[in-house]
Enquirer: 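So that we are looking at the same thing, I have put the structure below in structure tokens.
Computed from a predicted structure; not experimentally measured. Chain A is the first sequence line, chain B the second, and so forth, proteins listed ahead of strands; every chain is numbered from 1.
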Number of protein chains: 2
Amino acid sequence: MQSVRAMKETDAGSGLTERQGAVLEQALRLLVDGGEKALTTAGVARAANCSKESLYKWFGDREGLLSAMIAFQASKVRTLDVAGAKLDGGSLRVHLVTFARDLLDVLAGDVSLALNRLAIGQASREGSKLGHMLQERGRRQIGRRAGALLEAGRKAGLLAFDDSDEAYGALYGLVVSDWHLRMLLGEEPGRLKKDFSRRAERAVDAFLTLYGAKE
Amino acid sequence: MQSVRAMKETDAGSGLTERQGAVLEQALRLLVDGGEKALTTAGVARAANCSKESLYKWFGDREGLLSAMIAFQASKVRTLDVAGAKLDGGSLRVHLVTFARDLLDVLAGDVSLALNRLAIGQASREGSKLGHMLQERGRRQIGRRAGALLEAGRKAGLLAFDDSDEAYGALYGLVVSDWHLRMLLGEEPGRLKKDFSRRAERAVDAFLTLYGAKE
DNA sequence: CCCCATCAGTACCGTACGGTACGGTTCGTG
DNA sequence: CACGAACCGTACCGTACGGTACTGATGGGG
């Protein structure tokens, strides 16, 4: 262990080698294609051309593998903070609509749906931290982007709200409504995806009606 | 079969005997307590003091048992339609807040969460109609109550909207936001439940701001 | 009183999975 | 070249589950 000096990592501080990242990639693919039942240790080993022994050496047990998959996927998603430019009414609306559409696209993604299904399935037993991980790494991340945008809007005098979380909750609800749950339950996402743009615009309009500053 | 004349049923047209209903009750309890993994055929048979053979005779296979559980639970929930009385601004708000709070209570219920987790877990494989069943029996039911309420509000000149589904979607989103998903992911529901009343009122106020008729 | 259907309880079977152990191979290093 | 670490492929083990078959008990109807 100590002799290994230059362990090449996929990501700074992730502690994963390229090989292990590739294995997790295959595991995610298996999960997306066949659900949790298809995600067996033997299946992952076969798909990734590695041995089960290596899986257990790297990730401890099956739970560790699942956690690593979530962490790995989260590490790949980078939310670009465009908190830069100055805002007017039009650009704020554009930014909000873009955010809303991105949010819908993320939630409707194959990997996101599969991981959410996995974490929800594990949520029944106690001690499963998968749900908490997904919440922390996923929502907190995109929530920060929204929070920064809302805060910038308030700074520019375009938005009026007391509680930032409450405003974000309203925006989220207006955008997502029950679509996320419906997709998790298996409703064909193709038909829903077509309406994402229109839905994002309507939701942002409603949000601005609620929280837009009176002029 | 034909010789059985008076098969005592728990519910008109459900096709279930009292005994079978009791078995499903125990199965639901097992599911709530221990999640899907705890819901084994042997476990259900033991908990309900029946034989596995009877389970397979009555429900066909495990999938049939799950479907029967969902249908059974749905048959127990009766949404009272209070489409009667005349509405003014105050009573409409009261009705909406009551609806919102009921919605949050239902979604936060043990059995609801367990069944949703179950259906979501099964949603990965194709051909699983559990998600569709839950959607149809659950949401459609409570959606009708909301639709009737909204329609009554519009009839009384208190609400203004073109698309009833869109208005309901906005109400749902404002009320629920991401709380349902967070509860499904295992977030302690106790802490969330305390705020249900305040949350319902805030959401209804926002909804009335969006869809209340200008006077 | 007997017959037959139903059902509980149990034993059983095939399978599949999580986890472990072992032989053979590659590759970097002294 | 020799040594050893890492690792692949596979075989293996214990267990648990879905589903089936059998036995004995119960209870209602002719």
Enquirer: To the nearest Å, how far apart are A/Glu63 CD and C/dG19 C1'?
Expert: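 One finds 15 Å between C1' of C/dG19 and CD of A/Glu63, rounded.
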
Enquirer: Between B/Glu36 and A/Arg117, does at least one N-O distance fall below 4.0 Å, as a salt bridge requires?
Expert: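 Result for this pair is no, no salt bridge flagged.
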
Enquirer: Nearest whole angstrom, please: distance from the P of C/dG19 to the CG of A/Leu66.
Expert: 10 Å

Enquirer: If I take atom CG from residue B/Asn49 and atom CZ from residue B/Arg19, how far apart are they, to the nearest 0.5 angstrom?
Expert: 7.0 Å

Enquirer: Could you state the CZ-C1' distance from B/Phe59 to C/dC7, rounded to the nearest angstrom?
Expert: 14 Å

Enquirer: Quick test: give all pairs of protein nitrogen or oxygen and nucleotides 11-13 of chain D nitrogen or oxygen below 3.5 Å, distance rounded to 0.1 Å.
Expert:
none

Enquirer: Between B/Arg62 and A/Trp58, just flag the one whose closest nucleotide in DNA chain D comes earlier from the 5' side.
Expert: A/Trp58

Enquirer: Roughly how many Å is it from CZ in B/Arg19 to P in D/dG27, rounded to a whole number?
Expert: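 Going from CZ in B/Arg19 over to P in D/dG27 covers 13 Å.
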
Enquirer: Distance check needed: C/dC17 C1' versus A/Leu55 CG, whole Å only.
Expert: 14 Å

Enquirer: Can B/Thr41 and B/Arg62 be counted as having a side-chain donor-acceptor contact under 3.5 angstrom?
Expert: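 There is no such pair (donor and acceptor under 3.5 Å, judged by atom type) between the side chains of B/Thr41 and B/Arg62.
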
Enquirer: For the CZ atom on A/Arg137, are there more than 12 heavy atoms of other groups (residues, nucleotides or ligands in this structure) within a distance under 6.0 Å?
Expert: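 It does not: A/Arg137 CZ has 12 such atoms or fewer within range.
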
Enquirer: Between A/Arg199 (side chain) and A/Val175 (backbone), is there a donor-acceptor pair under 3.5 Å?
Expert: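 Between the backbone of A/Val175 and the side chain of A/Arg199 there is a qualifying donor-acceptor contact (under 3.5 Å).
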
Enquirer: Tell me whether B/Ser112 contacts the main-chain N or O of B/Ala108 through its side chain, where contact means a donor paired with an acceptor under 3.5 Å.
Expert: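 Judged by distance alone, no pair lies under 3.5 Å.
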
Enquirer: In whole Å, what is the span from the NZ atom of A/Lys57 to the P atom of D/dA5?
Expert: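 Going from NZ in A/Lys57 over to P in D/dA5 covers 10 Å.
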
Enquirer: Please list, in numerical order, the residues of residues 35-50 of chain B that have a heavy atom closer than 4.0 Å to any atom of DNA chain C.
Expert: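 Contacting residues: B/Asn49, B/Cys50.
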
Enquirer: If you take atom types as modelled and just measure distance, does the side chain of A/Glu53 reach the base of C/dC22 with a donor-acceptor pair under 3.5 Å?
Expert: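 Answer yes: a donor N or O sits under 3.5 Å from an acceptor.
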
Enquirer: Before giving the answer on side-chain contact (heavy atoms from CB on, under 4.5 Å), spell out for A/Tyr168 and A/Phe161 the whole-Å C-alpha distance, their side-chain angles and the decisive distance to 0.1 Å.
Expert: CA-CA 10 Å; A/Tyr168 172 54; A/Phe161 53 82; over 6 Å; no

Enquirer: Separation of A/Gln122 atom CD from C/dG18 atom P, in whole Å?
Expert: 11 Å

Enquirer: Just the rounded figure in Å: distance from P of D/dG18 to CG of B/Leu65.
Expert: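 Checked: the CG to P distance equals 10 Å.
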
Enquirer: Hey, are B/Glu25 and B/Lys76 close enough for a salt bridge, meaning a charged N less than 4.0 Å from a carboxylate O?
Expert: yes

Enquirer: So, OP1 or OP2 of C/dT6: does either fall under 4.0 Å of a side-chain N or O from B/Ser54?
Expert: no

Enquirer: Tell me, please, which residues at least two apart from B/Arg93 pass side chain to side chain contact (heavy atoms under 4.5 Å, CB included).
Expert: B/Val97, B/Glu201, B/Val204, B/Asp205, B/Leu208

